[in-house]
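Reviewing the structure listed below.
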Amino acid sequence: MTLHATYDADNIFAKIIRGEMPSVKLYETDAVLAFMDVFPQSEGHCLAIHKTATAINLFDVDGESLAALIAAVQKVGAAVRDGLKPDGVRIAQFNGAPAGQTVYHLHFHIIPVYDGRALGGHAGGSPADAALLEKTAEKIRSAL
Ligand code: AMP
C-alpha cells in the first residue's frame, strides 16, 4: 500500500468502529476509540484510532481529528503507565507498508515496555489469550 492510496471503508478498524468486528475496548468517545491489540508485542499493547476521520496515515488526517486522537493516546498511555506499571511506554505509528503499516486506518500503538522482557514481533505471531487480554484491559480501564 502506498502513501497515497484511497481509504478503504472495509478495513478491519473501520469494521471495529461499526461494531462488525469484536474488540476489547478501553476508552471511547464520539471521536476516538482505544482497544487492545490482539497480536500484542507486550502485555498491555493497545491502539488508538479516530472514529470518523477516514485517514489512512498521519499525512491525510485533519488537524482537529489528530488533536483529539493524540489526546486519547496521552490519556490511555497514562492509564497503561498507571494500571500496568511498565518500565517504559513506547508510542509508535507507521505510514505505508514499507514503514511497517499493515492496517490502513490511522492508528497509534501504545506499547508498555518491561525491563528484561523483549518485545514480540510487530503485527504477527499468535493472537493473545482472550481472557488474559480482558484481564489486562480491566487494569488499564481502572486507571483511566
Ligand atoms: P500497523 O502494522 O501499524 O498497521 O498495526 C496494526 C496493528 O493492528 C498490529 O499491531 C496488529 O497486531 C493489530 N491488529 C490487527 N488486527 C486486529 C484486530 N482485529 N484487533 C486488534 N488489533 C488488531
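All residue numbers refer to positions in the sequence shown, counting from 1. As the structure lists them, so they are numbered: ligands from 1, and atoms in each ligand from 1.
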Determine, stepwise, if the pair L133 / V38 fulfils side chain to side chain contact (heavy atoms under 4.5 Å, CB included).
CA-CA 8 Å; L133 212 58; V38 286; 4.1 Å; yes
Report the C-alpha separation of E28 and K25 in whole Å, then their side-chain angles, then the decisive distance to 0.1 Å, and conclude whether the salt bridge (Lys or Arg N to Asp or Glu O under 4.0 Å) test is met.
CA-CA 7 Å; E28 185 168 22; K25 293 184 181 183; 3.2 Å; yes
Just do the ring pair (Phe, Tyr, Trp, His ring centres under 6.0 Å) check on H109 and H122 with the steps written out, would you?
CA-CA 10 Å; H109 295 257; H122 170 69; 5.4 Å; yes
E134 and K139: salt bridge (Lys or Arg N to Asp or Glu O under 4.0 Å), yes or no, with the steps?
CA-CA 9 Å; E134 178 53 38; K139 289 183 194 166; over 6 Å; no
Dump the intermediate steps for ring pair (Phe, Tyr, Trp, His ring centres under 6.0 Å) on Y104 and F13, then the final yes or no.
CA-CA 8 Å; Y104 300 100; F13 293 171; over 10 Å; no
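Within the 4.0 Å heavy-atom shell around ligand 1 one finds H109.
When each atom of ligand 1 is checked for a heavy atom of T102 under 4.0 Å away, the hits are 1 (P), 2 (O), 4 (O), 5 (O), 6 (C). Near L47, meaning under 4.0 Å from one of its heavy atoms, ligand 1 places the atoms 8 (O), 22 (N). Less than 4.0 angstrom separates some heavy atom of H122 from each of these atoms of ligand 1: 1 (P), 2 (O), 3 (O), 5 (O). Using a 4.0 Å cut-off to heavy atoms of M36, the atoms of ligand 1 that qualify are 21 (C). Residue-ligand proximity, H107 to ligand 1, at heavy-atom distances under 4.0 Å covers atoms 1 (P), 3 (O), 4 (O), 5 (O), 6 (C).
Neither the backbone nor the side chain of Y104 comes within contact range of ligand 1; no heavy atom lies under 4.0 Å. The residue F108 has no part lying near ligand 1, judged by heavy-atom distances below 4.0 Å.
In terms of polar-atom proximity, defined here as any N/O pair under 3.5 Å, Q101 makes no such contact with ligand 1. Taking any N or O of V103, backbone or side chain, at least one lies under 3.5 Å from an N or O belonging to ligand 1. Some N or O of G100 is nearer than 3.5 Å to an N or O of ligand 1, by distance alone.
Between the choices V38, V24, N11, I49, the shortest heavy-atom distance to atom 18 (C) of ligand 1 belongs to V38. Distances from atom 9 (C) of ligand 1 to the heavy atoms of I16, D37, L133 put D37 nearest. In this structure, of F13, F94, F39, the residue bringing a heavy atom nearest to atom 8 (O) of ligand 1 is F13.
Side-chain contact between I140 and M36 is present, with heavy atoms from C-beta onward closer than 4.5 Å.
The CD1 atom of I91 sits 5.0 Å away from the CD1 atom of I110 when rounded to the nearest 0.5 Å.
In terms of protein heavy atoms, atom 19 (N) of ligand 1 is closest to I12 CD1, 3.7 Å.
Under the 4.5 Å side-chain heavy-atom criterion for Ile, Leu, Val, Met, Phe, Trp and Tyr, L144 and V80 are members of the same hydrophobic cluster.
We find that E138 and R141 are joined by a salt bridge, their nearest charged nitrogen and carboxylate oxygen being less than 4.0 Å apart.
Counting non-hydrogen atoms of other residues, nucleotides and ligands closer than 6.0 Å to CG of D30 gives a total of 12 or fewer.
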